[in-house]
Amino acid sequence: MVLDTGSELSWLHCKKLSNFNSIFNPLLSSSYTPTHCTTSTCKTRTQDFPIPVSCDPNKLCHAIISYADASSIEGNLATDTFFIGGTAQPSSIFGCMDTGYSSNNDEDSKTTGLMGMNRGSLSFVTQMGIPRFSYCISSGDSSGVLLFGGATTFPWLGPLHYTPLVKTTSSLPYYDRAAYTVQLEGIKVSEKLLQLPKSVFVPDHTGAGQTMVDSGTQFSFLLGSVYTALKNEFVAQTKGVLTLLDDANFVFQGAMDLCYRVPASWASLPPLPAVTIVFAEAEMRVSRERLLYKVGDVAKGSNDSVYCFTFGNSDLLGIEAYVIGHHHQQNVWMEFDLINSRVGFTDTRCDLASQRLGIGP
(Lines give C-alpha, C1' and ligand atoms only; values in the text may rest on other atoms or scores of the structure.)
Protein backbone atom coordinates (compact mmCIF):
# COMPACT_ATOMS: atom_id res chain seq x y z
CA MET A 1 0.00 0.00 0.00
CA VAL A 2 1.10 3.59 -0.60
CA LEU A 3 2.07 5.27 2.69
CA ASP A 4 0.44 8.71 2.75
CA THR A 5 0.83 11.03 5.75
CA GLY A 6 -1.24 13.63 3.89
CA SER A 7 -4.40 11.49 3.62
CA GLU A 8 -7.02 10.24 6.05
CA LEU A 9 -8.92 7.35 4.47
CA SER A 10 -7.14 4.06 3.88
CA TRP A 11 -8.49 2.16 0.89
CA LEU A 12 -8.03 -0.94 -1.21
CA HIS A 13 -8.63 -1.52 -4.90
CA CYS A 14 -11.80 -3.60 -4.98
CA LYS A 15 -13.20 -6.29 -7.25
CA LYS A 16 -14.48 -4.20 -10.20
CA LEU A 17 -11.00 -2.98 -11.16
CA SER A 18 -9.96 -5.82 -13.48
CA ASN A 19 -6.82 -4.01 -14.70
CA PHE A 20 -5.12 -4.34 -11.30
CA ASN A 21 -3.55 -7.58 -10.10
CA SER A 22 -3.68 -6.82 -6.39
CA ILE A 23 -7.36 -6.29 -5.62
CA PHE A 24 -9.50 -7.04 -2.59
CA ASN A 25 -12.61 -9.15 -3.18
CA PRO A 26 -15.19 -8.30 -0.47
CA LEU A 27 -17.32 -11.31 -1.50
CA LEU A 28 -14.62 -13.61 -0.13
CA SER A 29 -14.56 -11.93 3.30
CA SER A 30 -17.04 -13.13 5.94
CA SER A 31 -16.29 -10.08 8.12
CA TYR A 32 -16.71 -7.40 5.43
CA THR A 33 -19.58 -4.98 6.13
CA PRO A 34 -20.50 -2.05 3.85
CA THR A 35 -21.25 1.25 5.62
CA HIS A 36 -24.75 2.65 5.16
CA CYS A 37 -25.52 6.34 4.67
CA THR A 38 -27.50 6.59 7.88
CA THR A 39 -24.60 5.57 10.15
CA SER A 40 -22.72 8.06 12.32
CA THR A 41 -19.51 6.98 10.55
CA CYS A 42 -20.86 8.25 7.25
CA LYS A 43 -22.59 11.33 8.66
CA THR A 44 -20.01 12.71 11.12
CA ARG A 45 -16.61 11.00 10.83
CA THR A 46 -16.10 12.02 7.20
CA GLN A 47 -16.26 15.75 7.94
CA ASP A 48 -12.61 16.38 7.01
CA PHE A 49 -12.89 14.73 3.58
CA PRO A 50 -12.15 17.33 0.84
CA ILE A 51 -15.26 16.18 -1.08
CA PRO A 52 -18.44 15.47 0.99
CA VAL A 53 -19.63 11.85 0.97
CA SER A 54 -22.93 10.91 -0.65
CA CYS A 55 -25.48 8.08 -0.81
CA ASP A 56 -25.27 5.65 -3.72
CA PRO A 57 -28.37 3.91 -5.18
CA ASN A 58 -27.95 1.10 -2.62
CA LYS A 59 -27.98 3.60 0.28
CA LEU A 60 -24.29 2.93 0.91
CA CYS A 61 -21.78 5.60 1.96
CA HIS A 62 -20.01 6.72 -1.23
CA ALA A 63 -16.68 8.60 -1.12
CA ILE A 64 -14.58 10.36 -3.75
CA ILE A 65 -10.99 11.10 -2.74
CA SER A 66 -8.87 13.43 -4.88
CA TYR A 67 -5.14 14.11 -4.71
CA ALA A 68 -2.80 16.95 -5.62
CA ASP A 69 -1.52 15.17 -8.75
CA ALA A 70 -5.10 15.30 -10.16
CA SER A 71 -5.71 11.57 -9.59
CA SER A 72 -8.87 10.45 -7.81
CA ILE A 73 -10.48 7.26 -6.52
CA GLU A 74 -14.05 6.47 -5.52
CA GLY A 75 -16.06 3.72 -3.93
CA ASN A 76 -17.83 2.78 -0.70
CA LEU A 77 -16.84 2.96 2.94
CA ALA A 78 -16.86 -0.39 4.71
CA THR A 79 -15.50 -2.20 7.75
CA ASP A 80 -13.47 -5.37 8.07
CA THR A 81 -10.97 -6.93 10.46
CA PHE A 82 -7.41 -5.71 10.03
CA PHE A 83 -4.43 -7.41 11.69
CA ILE A 84 -1.45 -5.42 12.89
CA GLY A 85 1.41 -7.00 14.82
CA GLY A 86 -0.67 -10.18 15.02
CA THR A 87 -3.49 -8.40 16.85
CA ALA A 88 -6.98 -8.33 15.35
CA GLN A 89 -8.62 -4.92 14.91
CA PRO A 90 -12.28 -5.68 14.10
CA SER A 91 -14.60 -3.12 12.48
CA SER A 92 -11.74 -1.11 10.97
CA ILE A 93 -13.12 1.49 8.56
CA PHE A 94 -11.65 1.72 5.06
CA GLY A 95 -12.59 2.45 1.46
CA CYS A 96 -13.45 -0.32 -0.98
CA MET A 97 -12.66 1.61 -4.17
CA ASP A 98 -13.70 0.43 -7.62
CA THR A 99 -13.36 3.39 -10.00
CA GLY A 100 -10.94 6.24 -10.41
CA TYR A 101 -8.53 8.23 -12.52
CA SER A 102 -4.76 7.98 -12.18
CA SER A 103 -2.00 10.15 -13.62
CA ASN A 104 0.33 7.12 -13.41
CA ASN A 105 -1.43 3.81 -14.11
CA ASP A 106 1.84 1.85 -14.30
CA GLU A 107 2.77 2.73 -10.73
CA ASP A 108 -0.77 2.35 -9.37
CA SER A 109 -1.08 -1.13 -10.85
CA LYS A 110 1.78 -2.21 -8.55
CA THR A 111 -0.13 -1.24 -5.40
CA THR A 112 -3.00 -2.72 -3.43
CA GLY A 113 -4.24 0.68 -2.25
CA LEU A 114 -3.34 3.49 0.10
CA MET A 115 -2.70 3.72 3.84
CA GLY A 116 -4.04 7.03 5.19
CA MET A 117 -1.72 8.13 8.00
CA ASN A 118 -2.78 11.68 8.96
CA ARG A 119 -4.43 12.76 12.23
CA GLY A 120 -8.05 12.43 11.05
CA SER A 121 -10.50 10.24 12.97
CA LEU A 122 -10.64 7.61 10.20
CA SER A 123 -6.90 7.40 9.53
CA PHE A 124 -5.03 4.13 10.04
CA VAL A 125 -2.96 5.68 12.83
CA THR A 126 -6.01 6.98 14.72
CA GLN A 127 -8.12 3.85 14.34
CA MET A 128 -5.29 1.55 15.43
CA GLY A 129 -4.33 3.82 18.34
CA ILE A 130 -0.69 4.01 17.19
CA PRO A 131 1.19 6.47 19.46
CA ARG A 132 4.28 6.78 17.28
CA PHE A 133 5.42 5.63 13.87
CA SER A 134 8.58 5.95 11.80
CA TYR A 135 9.55 5.40 8.22
CA CYS A 136 12.62 5.63 6.02
CA ILE A 137 12.20 6.04 2.25
CA SER A 138 15.05 4.67 0.17
CA SER A 139 16.18 6.22 -3.08
CA GLY A 140 15.95 3.92 -6.09
CA ASP A 141 14.37 0.50 -5.65
CA SER A 142 15.91 -0.43 -2.30
CA SER A 143 13.67 -1.54 0.55
CA GLY A 144 12.42 1.11 2.94
CA VAL A 145 11.25 0.86 6.54
CA LEU A 146 7.91 1.39 8.28
CA LEU A 147 7.65 0.91 12.04
CA PHE A 148 4.58 1.29 14.24
CA GLY A 149 4.85 2.17 17.94
CA GLY A 150 7.79 2.24 20.31
CA ALA A 151 10.71 4.62 20.66
CA THR A 152 13.20 4.50 17.80
CA THR A 153 16.40 4.34 19.86
CA PHE A 154 18.71 2.38 17.60
CA PRO A 155 22.47 2.65 18.27
CA TRP A 156 23.23 3.07 14.53
CA LEU A 157 20.73 5.93 14.12
CA GLY A 158 21.93 9.47 14.72
CA PRO A 159 20.10 11.80 17.14
CA LEU A 160 16.72 12.98 15.83
CA HIS A 161 16.05 16.68 15.36
CA TYR A 162 12.51 17.51 16.47
CA THR A 163 10.12 20.24 15.39
CA PRO A 164 6.76 20.66 17.17
CA LEU A 165 3.48 19.83 15.45
CA VAL A 166 1.20 22.85 15.10
CA LYS A 167 -2.40 22.34 16.18
CA THR A 168 -5.45 24.50 15.63
CA THR A 169 -9.07 24.13 16.65
CA SER A 170 -10.28 26.69 14.13
CA SER A 171 -12.09 25.56 11.00
CA LEU A 172 -10.60 27.60 8.14
CA PRO A 173 -11.31 27.14 4.42
CA TYR A 174 -7.69 26.53 3.32
CA TYR A 175 -6.36 24.81 6.46
CA ASP A 176 -6.10 21.03 6.78
CA ARG A 177 -6.61 20.29 10.48
CA ALA A 178 -5.75 16.61 10.08
CA ALA A 179 -2.37 17.23 8.42
CA TYR A 180 1.03 16.98 10.12
CA THR A 181 1.59 20.71 10.24
CA VAL A 182 4.94 22.19 11.31
CA GLN A 183 6.20 25.77 11.42
CA LEU A 184 8.44 26.80 8.53
CA GLU A 185 10.67 29.71 9.53
CA GLY A 186 13.04 30.21 6.60
CA ILE A 187 15.09 28.75 3.77
CA LYS A 188 18.84 28.88 3.18
CA VAL A 189 20.83 28.33 -0.02
CA SER A 190 24.31 27.23 1.00
CA GLU A 191 24.35 29.19 4.28
CA LYS A 192 22.66 32.29 2.88
CA LEU A 193 19.24 32.89 4.46
CA LEU A 194 16.65 34.18 2.01
CA GLN A 195 15.57 37.68 3.02
CA LEU A 196 11.83 37.17 3.49
CA PRO A 197 9.41 38.55 6.10
CA LYS A 198 8.43 36.05 8.82
CA SER A 199 4.78 36.68 7.98
CA VAL A 200 5.02 34.74 4.67
CA PHE A 201 5.52 31.51 6.63
CA VAL A 202 2.51 31.97 8.93
CA PRO A 203 -1.00 30.91 7.81
CA ASP A 204 -3.29 33.85 7.11
CA HIS A 205 -6.90 34.36 8.27
CA THR A 206 -8.15 31.82 5.67
CA GLY A 207 -5.65 29.15 6.76
CA ALA A 208 -3.58 29.52 3.57
CA GLY A 209 0.14 29.08 4.19
CA GLN A 210 0.38 26.08 6.52
CA THR A 211 3.40 23.77 6.17
CA MET A 212 2.56 20.07 5.81
CA VAL A 213 4.83 17.00 5.93
CA ASP A 214 3.28 14.80 3.24
CA SER A 215 4.78 11.49 2.11
CA GLY A 216 2.04 11.18 -0.53
CA THR A 217 3.22 14.22 -2.53
CA GLN A 218 6.29 13.51 -4.65
CA PHE A 219 8.11 16.85 -4.49
CA SER A 220 8.11 19.90 -2.19
CA PHE A 221 6.12 23.04 -2.94
CA LEU A 222 6.39 26.62 -1.70
CA LEU A 223 4.04 29.57 -1.93
CA GLY A 224 4.82 31.78 -4.96
CA SER A 225 6.81 34.58 -3.33
CA VAL A 226 9.03 32.16 -1.38
CA TYR A 227 9.49 29.88 -4.37
CA THR A 228 10.56 32.81 -6.56
CA ALA A 229 13.11 33.97 -3.96
CA LEU A 230 14.54 30.43 -3.68
CA LYS A 231 14.60 29.97 -7.46
CA ASN A 232 16.43 33.26 -8.04
CA GLU A 233 19.05 32.54 -5.37
CA PHE A 234 19.65 28.97 -6.58
CA VAL A 235 20.05 30.24 -10.17
CA ALA A 236 22.52 32.90 -8.97
CA GLN A 237 24.59 30.39 -7.00
CA THR A 238 24.71 27.83 -9.85
CA LYS A 239 25.56 30.30 -12.62
CA GLY A 240 28.45 28.91 -14.62
CA VAL A 241 27.88 25.46 -13.10
CA LEU A 242 24.50 24.54 -14.62
CA THR A 243 22.96 25.56 -17.95
CA LEU A 244 19.33 26.69 -17.86
CA LEU A 245 17.02 24.91 -20.29
CA ASP A 246 16.54 27.12 -23.34
CA ASP A 247 12.80 26.32 -23.52
CA ALA A 248 11.22 29.02 -21.35
CA ASN A 249 7.78 27.40 -21.68
CA PHE A 250 8.83 24.04 -20.24
CA VAL A 251 7.14 23.33 -16.87
CA PHE A 252 7.49 19.91 -15.26
CA GLN A 253 4.25 18.54 -13.72
CA GLY A 254 2.65 21.97 -14.10
CA ALA A 255 4.44 23.57 -11.16
CA MET A 256 8.21 23.14 -11.56
CA ASP A 257 9.62 25.69 -13.98
CA LEU A 258 13.33 25.74 -13.07
CA CYS A 259 14.93 23.18 -15.36
CA TYR A 260 18.43 22.61 -16.70
CA ARG A 261 20.12 21.04 -19.71
CA VAL A 262 22.66 18.49 -18.50
CA PRO A 263 25.23 17.23 -21.06
CA ALA A 264 25.30 13.50 -21.76
CA SER A 265 29.07 13.63 -21.18
CA TRP A 266 28.59 14.27 -17.44
CA ALA A 267 29.01 11.11 -15.38
CA SER A 268 27.30 12.80 -12.44
CA LEU A 269 25.95 16.16 -11.38
CA PRO A 270 28.50 18.77 -10.25
CA PRO A 271 28.63 19.97 -6.62
CA LEU A 272 25.50 22.04 -5.90
CA PRO A 273 24.60 24.50 -3.13
CA ALA A 274 22.51 22.74 -0.48
CA VAL A 275 19.03 24.05 0.33
CA THR A 276 18.22 24.03 4.05
CA ILE A 277 14.60 24.12 5.17
CA VAL A 278 14.48 25.90 8.52
CA PHE A 279 11.71 24.73 10.88
CA ALA A 280 11.01 25.76 14.44
CA GLU A 281 13.83 24.13 16.50
CA ALA A 282 15.16 21.95 13.61
CA GLU A 283 16.58 22.11 10.08
CA MET A 284 16.31 19.73 7.11
CA ARG A 285 19.17 19.86 4.60
CA VAL A 286 18.45 18.97 0.96
CA SER A 287 21.59 18.30 -1.08
CA ARG A 288 23.13 16.48 -4.05
CA GLU A 289 20.76 14.22 -6.02
CA ARG A 290 17.70 15.30 -4.02
CA LEU A 291 17.99 18.83 -5.51
CA LEU A 292 17.55 17.92 -9.18
CA TYR A 293 15.33 15.28 -10.78
CA LYS A 294 15.83 13.84 -14.26
CA VAL A 295 12.60 14.31 -16.20
CA GLY A 296 13.70 13.17 -19.68
CA ASP A 297 15.83 13.93 -22.70
CA VAL A 298 16.13 17.35 -24.33
CA ALA A 299 14.97 16.23 -27.78
CA LYS A 300 15.22 13.44 -30.29
CA GLY A 301 18.71 13.20 -31.68
CA SER A 302 20.27 14.60 -28.48
CA ASN A 303 21.61 12.60 -25.56
CA ASP A 304 21.49 15.61 -23.25
CA SER A 305 19.03 15.34 -20.36
CA VAL A 306 16.55 17.68 -18.69
CA TYR A 307 16.82 17.96 -14.92
CA CYS A 308 14.35 20.05 -12.89
CA PHE A 309 14.68 21.66 -9.47
CA THR A 310 12.78 19.56 -6.92
CA PHE A 311 11.00 22.51 -5.32
CA GLY A 312 7.88 23.70 -7.12
CA ASN A 313 5.45 26.61 -7.01
CA SER A 314 2.31 25.93 -4.93
CA ASP A 315 0.50 28.73 -6.77
CA LEU A 316 0.89 26.89 -10.08
CA LEU A 317 -0.24 23.64 -8.46
CA GLY A 318 -3.36 25.32 -7.11
CA ILE A 319 -2.74 24.62 -3.42
CA GLU A 320 -2.53 27.26 -0.70
CA ALA A 321 0.19 25.58 1.36
CA TYR A 322 3.83 24.65 1.79
CA VAL A 323 4.35 20.90 1.28
CA ILE A 324 7.42 18.87 2.23
CA GLY A 325 7.15 15.91 -0.14
CA HIS A 326 8.55 12.42 -0.17
CA HIS A 327 11.51 13.14 -2.50
CA HIS A 328 13.05 15.36 0.19
CA GLN A 329 12.35 12.70 2.81
CA GLN A 330 14.42 10.09 0.97
CA ASN A 331 17.28 8.73 3.09
CA VAL A 332 15.88 10.60 6.08
CA TRP A 333 14.61 8.71 9.14
CA MET A 334 11.20 10.30 9.85
CA GLU A 335 9.49 9.86 13.21
CA PHE A 336 5.94 11.03 13.93
CA ASP A 337 5.62 11.21 17.73
CA LEU A 338 1.93 11.73 18.46
CA ILE A 339 2.38 11.45 22.24
CA ASN A 340 4.71 14.45 22.38
CA SER A 341 3.17 16.15 19.32
CA ARG A 342 6.34 16.47 17.25
CA VAL A 343 8.11 15.26 14.10
CA GLY A 344 11.73 14.11 14.28
CA PHE A 345 14.20 13.43 11.50
CA THR A 346 17.83 12.63 10.81
CA ASP A 347 19.80 11.75 7.66
CA THR A 348 20.56 8.06 7.26
CA ARG A 349 20.96 5.36 4.60
CA CYS A 350 17.51 3.81 4.37
CA ASP A 351 18.74 0.75 2.47
CA LEU A 352 21.19 0.04 5.30
CA ALA A 353 18.51 0.75 7.92
CA SER A 354 16.30 -1.97 6.49
CA GLN A 355 19.23 -4.41 6.50
CA ARG A 356 20.08 -3.58 10.11
CA LEU A 357 16.49 -4.23 11.11
CA GLY A 358 16.53 -7.53 9.25
CA ILE A 359 13.81 -6.58 6.75
CA GLY A 360 15.87 -5.71 3.68
CA PRO A 361 17.80 -7.74 1.12
message = Test of understanding: clusters of I, L, V, M, F, W, Y form through side-chain heavy atoms closer than 4.5 Å, transitively. Do V166 and F279 belong to the same one?
response = no

request  = Could you work out the complete set of other residues in the hydrophobic cluster of I64, with links drawn between I, L, V, M, F, W and Y side chains under 4.5 Å apart?
outcome  = I51

inquiry  = What's the separation between atom CE in M334 and atom CG in L146, rounded to the nearest 0.5 Å?
reply    = 13.0 Å

query = Is it true that V145 and F154 fall in one hydrophobic cluster, defined by side-chain heavy atoms closer than 4.5 Å?
reply = yes

request  = Side-chain contact test, heavy atoms from C-beta onward, threshold under 4.5 Å: evaluate it for K198 versus E185 and give yes or no.
outcome  = yes

note = Members sharing V202's hydrophobic cluster, built from side-chain contacts under 4.5 Å between Ile, Leu, Val, Met, Phe, Trp and Tyr, are none

query = With distance as the sole test, does Q210 use its side chain to make a donor-acceptor pair with the main-chain N or O of P203 at under 3.5 Å?
reply = no

ask   = Just by modelled atom types, is the C42 backbone N or O under 3.5 Å from a matching donor or acceptor in the T46 side chain?
value = yes

message = Could you tell me if D257 and Y227 have a donor-acceptor pair between their side chains, going purely by distance under 3.5 Å?
response = yes

query = How far apart are the closest heavy atoms of R119 and A179, and which atoms are they?
reply = NH2-O, 3.2 Å

ask   = Is the shortest heavy-atom distance from the side chain of S121 to the side chain of E8 under 4.5 Å?
value = yes

task = Assign the ring pair F124 / F148 to parallel, tilted or perpendicular, where the plane angle (0 to 90°) is split at 30° and 60°.
result = tilted

Side-chain (S314) to main-chain (Y322) donor-acceptor, under 3.5 angstrom = no

note = On a heavy-atom basis, the closest approach of M212 and T181 is CG-OG1, 4.4 Å

key: Donor-acceptor contact present, side-chain T126 to main-chain S123, <3.5 Å   = no

inquiry  = Strictly distance-based, threshold 3.5 Å: is any side-chain N or O of Q195 a donor or acceptor partner for the main-chain N or O of L193?
reply    = yes

query = disulfide bond (SG atoms under 2.5 Å apart) between C136 and C350: does it pass, once the steps are laid out?
reply = CA-CA 5 Å; C136 200; C350 293; 2.0 Å; yes

inquiry  = Tell me every residue that passes ring-ring contact (aromatic ring centres under 6.0 Å, His included) with H326, counting only those two or more places apart in sequence or in another chain.
reply    = none

Quick one: side chains of residues 287-296, donor-acceptor pairs under 3.5 Å with protein atoms, not counting sequence neighbours, listed by atom name and distance.
residue, atom, partner, partner atom, Å
R290, NH1, H328, O, 2.9
R290, NH2, R285, O, 2.8

ask   = Side chains of D297 and N303: closer than 4.5 Å at any heavy-atom pair?
value = no

task = Spell out, as yes or no, whether a donor-acceptor pair under 3.5 Å connects the side chain of D337 to the backbone of S341.
result = no

request  = May I ask you to decide if Y174's main-chain N or O and E320's side chain share a donor-acceptor pair within less than 3.5 Å?
outcome  = no

ask   = So if you build clusters from Ile, Leu, Val, Met, Phe, Trp, Tyr with side-chain heavy-atom gaps below 4.5 Å, do L3 and V125 land together?
value = yes

inquiry  = Could you work out, with ring-ring contact (aromatic ring centres under 6.0 Å, His included) as the rule, every residue matching F336, not counting sequence neighbours?
reply    = F133, Y135, Y180

query = Is it true that L242 and V235 fall in one hydrophobic cluster, defined by side-chain heavy atoms closer than 4.5 Å?
reply = yes

key: Side-chain donor or acceptor of T35 paired with backbone N/O of C61 under 3.5 Å   = no

task = Kindly indicate whether the side chain of L184, heavy atoms from C-beta on, has any atom under 4.5 Å from the side chain of V278.
result = no

Note, L157 side chain near T346 side chain (heavy atom, < 4.5 Å) = yes

task = Please identify each residue that fulfils side chain to side chain donor-acceptor pair (under 3.5 Å) with K192, with sequence neighbours left out.
result = E233

request  = Could you work out the complete set of other residues in the hydrophobic cluster of F83, with links drawn between I, L, V, M, F, W and Y side chains under 4.5 Å apart?
outcome  = none

message = Distance check, rounded to the nearest 0.5 Å: D48 atom CG versus N118 atom CG?
response = 8.0 Å

inquiry  = On a heavy-atom basis, which atom in F252 and which in C308 lie closest, and how many Å separate them?
reply    = CB-SG, 3.7 Å

ask   = Salt bridge or not for R342 and E281, using N-O below 4.0 Å?
value = no

request  = Give a yes or no on whether F345 and L338 share a hydrophobic cluster (residues Ile, Leu, Val, Met, Phe, Trp, Tyr; joining criterion: side-chain heavy atoms under 4.5 Å apart).
outcome  = yes

query = Got L222 and I187 here, is their nearest side-chain heavy-atom distance under 4.5 Å?
reply = yes

task = Kindly indicate whether the side chain of R132, heavy atoms from C-beta on, has any atom under 4.5 Å from the side chain of L147.
result = no

request  = List in chain and number order the residues that pass side chain to side chain donor-acceptor pair (under 3.5 Å) with Y175, two or more places apart in sequence or in another chain; answer none if no residue qualifies.
outcome  = none

remark   = Across all chains, not counting sequence neighbours, the ring-ring contact (aromatic ring centres under 6.0 Å, His included) partners of F82 are F94

ask   = CG of N313 to NZ of K231: how many Å apart, nearest 0.5 Å?
value = 8.5 Å

request  = For T39 and H36, indicate whether the former's side chain and the latter's backbone hold a donor-acceptor pair under 3.5 Å.
outcome  = yes

query = Which atom names give the shortest non-hydrogen contact between T41 and L122, and what distance separates them?
reply = CG2-CD2, 4.5 Å

inquiry  = So which atom in T163 and which in A280 form the shortest heavy-atom distance, rounded to 0.1 Å?
reply    = OG1-O, 2.7 Å

request  = Could you pull out all residues at least two apart from S190 that satisfy side chain to side chain donor-acceptor pair (under 3.5 Å)?
outcome  = Q237

task = Enumerate the residue pairs fulfilling side chain to side chain donor-acceptor pair (under 3.5 Å) with a member in residues 73-96, sequence neighbours excluded, ordered by first and then second residue.
result = S29-D80, S31-D80, D56-N76, H62-E74

query = Can we call the ring centroids of F311 and F221 under 6.0 Å apart?
reply = no

inquiry  = For a 4.5 angstrom cut-off between non-hydrogen side-chain atoms, does K188 reach V275?
reply    = no

message = Working to the nearest 0.5 angstrom, can you tell me the gap between T238 OG1 and L272 CG?
response = 7.5 Å

request  = State the CG-OG distance between L160 and S134, to the nearest 0.5 angstrom.
outcome  = 7.5 Å

key: Any donor-acceptor N/O pair, T243 side chain to R261 backbone, under 3.5 Å   = no

Pairwise distance OG(S7) to CG(D214) - rounded to 0.5 angstrom = 6.5 Å

task = Name all residues meeting the side chain to side chain donor-acceptor pair (under 3.5 Å) criterion together with D347; count only those two or more places apart in sequence or in a different chain, and write none if there are none.
result = none

task = Identify the heavy atoms of N331 and S139 that sit nearest to each other, and give their distance.
result = ND2-OG, 3.4 Å

